[in-house]
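Atoms considered below: every heavy atom in the structure, side chains included; atoms not considered: hydrogens, waters and symmetry mates. Owing to the predicted nature of the structure, the values given are computational and were not obtained by experimental measurement.
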Amino acid sequence: MKVSLNWLKELANIQTIDLDNLTNQLTQAGFEVEAIESITVDNQIDHVLDISSTANRSDVLSMIGLSREVSALTGSSMLQTINQPSNKYSSRRHNILTDNSLMHCNNYFSAVIDEIKITDSPIWLKNRLQSSGFTNKNLLVDISNYIMLKWGQPINIIDFNKITPEDTVTIQSDFHVGKNTKIKLNNENLELNKNILVTRVNTNVISVAGIGSNNNFDTNPDTTSIFVESAIFKQSVVRQSSRDLNIRTESSVRQERGLNTDNWENAYLETISLVIDLAGGNIRETFSTKKTMSDILNIDLSIQKVQDILGPISNNSQVRFLCLQEIQDILHSLNFTIIHKNQESIKICVPNYRRQDVFREVDIIEEIARIYGYHKFKSSVPSIQFNRKLSQKRKFIDKSRNILRNLGLTELVHYSLVKSLGDISLNNPLIQDYSNLRYSLLEGLIESNLYNLKQSNQTIDSFEIGTVFNTVQNRIVETNNLAMILGGNLDIRSTWSQPAHSLNWYEAKGIVENFFQKMNRQIEWTKQEIIDSRVNLIQKNRSATLIYNNTNIGIFSEINQAIYSKLGLNTKLFVLEINLNILEDSHNQFNYLNYQIQPYSKYPSIIRDLSVIIPKNMEVNYLLKLLDQFNDKDLESTRLFDQYTNKSLGKQKKSIGLRFTYRSDQKTLTNSEIDDKQNELQEKIMQHLNLEIRQ
């Protein structure tokens, strides 16, 4: 917002203030002065301040509102700026509009004025607009822009002769329906739809509510009758219309942030006054509806709480707190009415124009600090009253994070909002492209790898721990998930002398199992159909479901061919996503106190390898469980070391290599004893399991 310093001096008593001092005070109070421009207007030097304000301070998007703020910051007073119009501007006929006529609009003023004569704008009006960055167009447009700058209230003035004549004037605001869907706004042809709130006069769409008037009804030098409109529409509706039309105007910015009813009424009355004084005319008819503010916002302010939150003041080497009188003076400068006070507390009535950003005691305290000056309070770190212990959940997540980093993975953090369509979408997202809550962490990891490849980088073996959102029985459920993507830069090789190779299924599975082992969790790998939304990211025939405590905690899989094509990869990528909330469950975990210390065997071990032909769909874990029934006290371990497939093995068959390790606690086993044990085991495999031994 561009602000004329000369105009500001006419509203607030700051004639002697230094420009640098004023800009510093505004910036420290939350109104950053981004630029200062010196211009010459009517042979006088004027300084134009480009000021930005926060979204919650809609009241300062006007010269009146900003002058109130400057008066409070500088300790000066407001000057009388406008006299209320006299009775000579009263209308012949006044109509009260019903709630059914105006949708999403509680405050509305309009008037039909005849017999006007448009002349050139007076010099003072042109100067005001020029110093505020507006160009002179015609008298009526200049009056509308001037009122919006001064009061922050948008005003629409249209040519009433261009409206379809009827016996009576009917005014209505509702969502657009009908065949005529075109409107000219800001000299652009726009398409209306059923989500756009419009204002109609005699069935003519004269404006998009809160955004701007239809250019087809603009005034010109031949205009003799005008329709003047001032309204406050619902903020969310104006925001929706602005987003759908992809347009932002000076009016929509103010309507979206919220308008003040006091300024709305004063702006309308001054508009009528200026039109009649400068263009003549007679008021034929007026229309209005007004929402009465019945509730009064009173807030109790504790003096002790002010001192506790703001802390001491360092003044002339003396440390003290804000006193009651200083607090009162600041509240008076902000136009807050003091209803009752004592040494301990003050009861305050908040002015109407500050109701949108001041409604709690802490808001009052923030205002006191802002006006007094944040830099005047002593900076100190609060003392620690107690040592807070980390929760078990936090310890578990930190442990998981450290183990994954030690395994060589890089931690990534992504936004909780995603582009893809999800079950849960936001009603009012800040960015339309990111309007859905993520249901999985995998999408973010894959997108990061895609971005790296576009930047001519390699894929990253990485992990993420974060929150995902899903709908369960019409309720939104948040869970902490862990996701990994493997197959990029991990240095995988069989021996140090051999070159590194791309990751395969068993090596990726080994990394995951290593993680679970270090986390002291026993996980079962099973084949189950994956029915959630992640099925689009994985290959169904190369995936596994992970089970912990008889509960499904997640999936492990190779990503599908479509993603390979999108990434342009030749190497394989594997992904994992599990529910950390379930994995954190402490039930059925190892209890080290139940273990007994036993001496290890001092006798050497002997290894025998065996190739078994099994059905292609048989899981190795299932086979190992079957082998456990052939109990042999000297059999120390059974491990898989190889897998082989070939047409010669038969249809739907595969050969697996099992390594059996034998060791006795009593003696050194001989080769003949081991051969006997191995032959006996082979016989049991062929007879009891009906499997074939590959020679």
Query raised in the report: F287 pairs by side chain to side chain contact (heavy atoms under 4.5 Å, CB included) with which of L102, L97, I96?
Result: L97
Query raised in the report: Tell me, do T199 and V205 make a side-chain contact under 4.5 Å, heavy atoms counted?
Result: no
Query raised in the report: Salt bridge check: are K305 and E361 linked by an N-O gap of less than 4.0 Å?
Result: yes
**Report entry** S4-N6 side chain donor-acceptor pair, cut-off 3.5 Å
**Finding:** no
**Report entry** Check: N202/T164 side-chain N/O donor and acceptor closer than 3.5 Å
**Finding:** no
Query - Short side-chain donor-acceptor distance under 3.5 Å, N106 and T289 - result: no
Requested in this report: Identify, with sequence neighbours excluded, every residue that meets side-chain contact (heavy atoms from CB on, under 4.5 Å) alongside E326.
Outcome: R320, L322, C323, Y372
Query raised in the report: Can you pull the salt bridge (Lys or Arg N to Asp or Glu O under 4.0 Å) pairs that have at least one residue in residues 27-51, sequence neighbours excluded?
Result: none
Query raised in the report: Are a donor atom and an acceptor atom from the side chains of E229 and Y268 found within less than 3.5 Å of each other?
Result: no
Query raised in the report: Do the side-chain N and O atoms of R438 and N470 include a donor-acceptor pair separated by under 3.5 angstrom?
Result: no
Query raised in the report: Would N214 and N216 count as having a side-chain donor-acceptor pair, cut-off 3.5 Å?
Result: yes
**Report entry** Charged N-O contact under 4.0 Å between E366 and R360
**Finding:** no
Report task. Report yes or no: do S53 and R257 form a side-chain donor-acceptor pair below 3.5 Å? Result -> yes
Query raised in the report: Any side-chain donor paired with an acceptor under 3.5 Å for N95 and E285?
Result: yes
Requested in this report: Establish, from distance only, whether the side-chain atoms of S173 and H104 form a donor-acceptor pair under 3.5 Å.
Outcome: no
Query - Residues N263 and Q153: side-chain donor-acceptor under 3.5 angstrom - result: no
**Report entry** Carboxylate-amine/guanidinium contact R370 E69, below 4.0 Å
**Finding:** yes
**Report entry** Check: T249/S251 side-chain N/O donor and acceptor closer than 3.5 Å
**Finding:** no
**Report entry** N220, I226, D218 screened by side chain to side chain contact (heavy atoms under 4.5 Å, CB included) with D159, the one that passes
**Finding:** N220
**Report entry** Between N266 and E270, a side-chain donor and acceptor under 3.5 Å
**Finding:** no
**Report entry** Check: Y146 ring centroid to W151 ring centroid under 6.0 Å
**Finding:** no
Report task. May I ask you to check whether Q28 and N24 show a side-chain donor-acceptor distance below 3.5 Å? Result -> no
